[in-house]
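Protein chains get the first letters and strands the later ones, always in sequence-line order, with residue 1 at the start of each.
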There are 2 protein chains.
Amino acid sequence: MHDMKDIFDTVKSNRISENIVHQIRGAILRGELKIGDRLPSEKDLAMKFGVSKSSLREAYRVLEAYGLLEIKQGMSGGAFVKEVDLKTIKDGLVNYFFFQNPSIREYTQIRTFIEPEVVKICALKITDNDIDYLKNNISEMEKEVDGENFMSDLDCAFHKKLADITENTMISLIVESVQTALINVKRMLQMNHDFLTMVCDGHKKIVGALCERDPDKAGKEMLQHIIEVETGMLACKNGDMVLTETGILKSDTGR
Amino acid sequence: MHDMKDIFDTVKSNRISENIVHQIRGAILRGELKIGDRLPSEKDLAMKFGVSKSSLREAYRVLEAYGLLEIKQGMSGGAFVKEVDLKTIKDGLVNYFFFQNPSIREYTQIRTFIEPEVVKICALKITDNDIDYLKNNISEMEKEVDGENFMSDLDCAFHKKLADITENTMISLIVESVQTALINVKRMLQMNHDFLTMVCDGHKKIVGALCERDPDKAGKEMLQHIIEVETGMLACKNGDMVLTETGILKSDTGR
DNA sequence: AATATTTTAAATATCAGATGTTTTAAAATA
DNA sequence: TATTTTAAAACATCTGATATTTAAAATATT
């Protein structure tokens with residue numbers, strides 16, 4: 001009836017460091033260790049666990065990679081419990097998406113699900129300060145369109161700002177991660193001057209609708225913007241890159 | 001005009017292991033190292049980098065935590081480049097959400113954005129095999145409602161299956177991660193028998209609409225299901241937990 | 001008295017090398 | 001030929017020594 005695989009997890013390595021990681025992560029997730037708590041020194045904790053310093057240090061490196069610990073050197077240094085930050089998660093997603101290599105169509109699809117809804121909420125919650133921020137973002141971006149500085153992170157910041165207005169952590173995380181991944185693709189494709197102008201115009205229309213506090217109009221403007229971006233990217237040809245149904249490939253690697 | 005902080009990144013630790021992590025991760029992300037490639041042995045690579053074995057091992061632990069390497073023991077073992085898997089990312093998100101502690105409202109909001117759209121696509125793409133899978137999932141779940149086994153991961157699997165039908169990696173990742181986090185909350189709240197029955201009924205209605213290949217109906221059923229789940233969770237009182245506007249708190253910790 | 005400098009101690013970072021364990025391939029044996 | 005044994009390659013762990021970093025304490029200077 002049931003295969004054993006359905007019942008038991010495969011037993012992984014018995015590495016000491018993994019055991020320690022499991023214990024400390026568990027203590028944090030159970031709330032026994034709080035943000036800012038300092039763990040005993042390497043020497044003491046290694047003794048307590050009955051392991052060598054090297055094994056403990058490997059565990060520390062892993063927990064640090066998870067973003068759960070921060071290790072400080074020097075007197076009154078040590079290992080401190082830390083809140084996992086956005087950067088840790090975003091870096092992880094970058095690693096993941098590198099192998100997944102989503103297609104432009106996939107990026108567009110997830111964006112059309114979320115971002116029009118986001119701006120609908122924004123239209124109801126946005127403050128004058130927020131609008132100032134967005135207008136400023138657009139004018140900074142227009143400067144870059146003319147200059148050499150090319151795109152930078154202003155596009156990402158625009159969409160993240162809108163997501164942040166929803167005050168929903170998960171939405172912010174998703175929007176920012178998708179934007180970051182997408183902007184990497186744009187960089188690879190080396191989008192041209194016209195494309196950047198189009199992006200600025202789209203952003204202006206969205207902010208215009210938000211100024212009127214019109215949710216439906218904002219939603220429609222965002223949807224159109226997303227589609228225009230997709231069209232622009234699909235139209236873009238670049239010698240090194242190949243756009244396919246299943247992703248963006250470097251042609252020279254022949255993957 | 002510009003603060004130096006805008007121009008330069010703060011220089012972090014000069015830890016040797018971090019330097020090595022940076023180099024190897026860079027080589028993978030630049031495509032110089034491919035999936036399955038084996039790095040030189042600890043001894044050789046440490047020599048090549050001009051560092052001690054311990055430093056190299058710490059770097060390996062970090063890259064392993066990122067999901068980029070798999071280290072195998074024994075003859076013809078070693079460090080192999082690996083595709084980052086979903087589990088790595090999900091675990092990271094669990095860590096992140098533990099500190100963010102999103103509210104039920106936030107979970108519902110992101111779900112209402114994505115999942116009704118997902119089933120609309122499903123209604124167009126779903127196969128008979130997929131429908132069999134979903135029906136089977138529901139009947140397995142009904143068994144658990146009566147028994148002791150309580151919920152398990154079938155609820156998550158149902159929603160993930162729908163997400164997978166879209167063939168959009170990012171959607172699958174998001175839906176599965178949100179589901180996993182939400183199910184942890186449900187476990188804490190110890191949802192009762194009626195709630196589980198309601199979930200099964202909701203799933204049945206969704207599959208019903210999918211059988212008819214009716215996108216709008218499927219979308220509406222999913223939306224209603226999500227709202228029912230929210231209502232059910234908000235109505236649930238549990239001695240150890242407190243539901244607030246900003247999240248789910250353990251009352252005894254007094255956070 | 002206030003400030004600047006130097007010293008010191010606690011903690012992590014790194015290294016070197018010895019020993020143990022795991023895994024697989026090859027060699028020996030049945 | 002099939003099985004068992006053996007050997008070697010690679011990671012896992014431990015020990016202990018040395019270097020570096022950092023903040024606080026002590027000292028010197030203004």
Side-chain angles (χ1 to χ4, degrees), chain A residues 9-25 27-28 33 35-82 88, chain B residues 8-25 27-28 33-82 88:
Chain A
D9 272 2
T10 51
V11 173
K12 294 165 294 186
S13 77
N14 286 331
R15 251 192 310 213
I16 286 178
S17 62
E18 236 166 83
N19 187 315
I20 296 172
V21 167
H22 189 256
Q23 287 196 49
I24 295 179
R25 178 174 184 249
I28 294 172
L33 287 170
I35 296 172
D37 281 359
R38 191 178 103 167
L39 301 183
S41 75
E42 281 182 0
K43 193 167 136 278
D44 293 350
L45 196 54
M47 193 129 63
K48 188 158 210 161
F49 277 124
V51 304
S52 75
K53 254 186 338 171
S54 357
S55 294
L56 182 67
R57 280 178 61 77
E58 288 181 21
Y60 272 9
R61 286 292 90 78
V62 171
L63 289 162
E64 210 176 22
Y66 288 166
L68 291 169
L69 285 188
E70 183 182 4
I71 282 105
K72 281 189 270 197
Q73 231 186 128
M75 190 177 181
S76 72
F80 297 85
V81 177
K82 192 182 129 255
T88 304
Chain B
F8 299 119
D9 272 1
T10 50
V11 173
K12 296 164 290 185
S13 77
N14 285 330
R15 251 192 310 215
I16 286 176
S17 61
E18 235 166 86
N19 187 315
I20 296 172
V21 167
H22 189 257
Q23 288 195 49
I24 295 179
R25 178 175 184 249
I28 294 172
L33 288 171
K34 309 258 185 207
I35 297 173
D37 282 0
R38 191 177 104 167
L39 301 183
S41 74
E42 282 182 358
K43 191 166 139 279
D44 292 350
L45 195 54
M47 192 128 67
K48 189 159 209 161
F49 277 125
V51 304
S52 74
K53 253 186 339 173
S54 358
S55 295
L56 182 68
R57 280 179 59 81
E58 289 182 21
Y60 273 8
R61 288 290 90 79
V62 171
L63 290 161
E64 210 176 22
Y66 288 166
L68 291 169
L69 285 189
E70 181 182 5
I71 282 105
K72 280 190 269 199
Q73 234 186 124
M75 188 175 179
S76 74
F80 297 85
V81 177
K82 189 182 131 257
T88 304

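For the pairing with E42(B), the salt bridge (charged side-chain N to carboxylate O under 4.0 Å, His left out) check across R61(B), R57(B), K53(B) returns one residue only, R57(B).
Comparing atom distances between the R61(B) side chain and each of dA12(D), dC15(C), dT22(D) picks out dA12(D) as nearest. Looking at the side chain of V51(B), the nearest of the listed nucleotides dT12(C), dC15(C), dA9(C) is dC15(C). Of the candidates dA13(C), dC14(D), dC11(D), the closest approach to any side-chain atom of E42(B) belongs to dC11(D).
Note on K53(B): a base of the nucleic acid sits closer than 4.0 angstrom, heavy atoms only. Using a 4.0 Å heavy-atom distance criterion, S41(B) is classed as a sugar-phosphate-only contact. As judged by a 4.0 angstrom heavy-atom cut-off over every strand, S76(A) is placed among residues touching the sugar-phosphate backbone only.
Between the CG atom of L45(A) and the C1' atom of dT12(C) there is a distance of 14 Å, given to the nearest Å. Rounded to an integer number of Å, the gap from M47(B) CE to dA10(D) P is 12 Å. Atom pair F80(B):CZ and dT23(C):P shows a separation of 13 Å (rounding to whole Å applied). The distance between atom CG of N14(A) and atom P of dA12(D), rounded to the nearest whole Å, is 12 Å. Atom CZ in F49(A) sits roughly 14 Å away from atom P in dT13(D) (whole-Å rounding). Regarding K43(A), its NZ atom lies at a distance of 13 Å from the P atom of dT15(D), rounded to whole Å. If you measure from atom CZ of R38(B) to atom C1' of dT24(C), you get 12 Å, rounded to the nearest angstrom. The distance between atom CD1 of I71(B) and atom C1' of dT13(D), rounded to the nearest whole Å, is 15 Å.
Rounded to the nearest 0.5 angstrom, L68(B) CG and I28(B) CD1 are separated by 4.5 Å.
Nucleotide dT4(D) has dA27(C) as its partner under the Watson-Crick or G-U criteria, with both atom distances under 3.5 Å.
OP1 or OP2 of dT20(D) has not a single side-chain nitrogen or oxygen of R15(B) nearer than 4.0 Å. Dashed line: the shortest gap from a side-chain N or O of R57(A) to OP1 or OP2 of dT12(C) is not under 4.0 Å. At dT15(D), none of the side-chain N or O atoms of S54(A) fall inside 4.0 Å of OP1 or OP2 (strictly under the cut-off). Checking the phosphate oxygens (OP1, OP2) of dC14(D), a side-chain nitrogen or oxygen of S52(A) falls inside 4.0 Å.
The side-chain heavy atoms of Y60(A) and L45(A), taken from C-beta on, include a pair separated by under 4.5 Å.
Between R15(B) and E64(A) there is a salt bridge, since at least one side-chain N of the basic residue sits less than 4.0 Å from a carboxylate O of the acidic one.
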L39(B) and L69(B): side chain to side chain contact (heavy atoms under 4.5 Å, CB included), yes or no, with the steps?
-> CA-CA 10 Å; L39(B) 301 183; L69(B) 285 189; 4.2 Å; yes

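Comparing M75(A) and S55(A), the nucleotide of DNA chain D nearest to each residue sits closer to the 5' end for S55(A). Comparing Q73(A) and G77(B) by the nucleotide of DNA chain C that holds the closest heavy atom to each, the one mapping nearer the 5' end is Q73(A).
Taking every heavy atom of both residues into account, F49(A) and I20(A) meet most closely at CE1-CG2, 3.8 Å.
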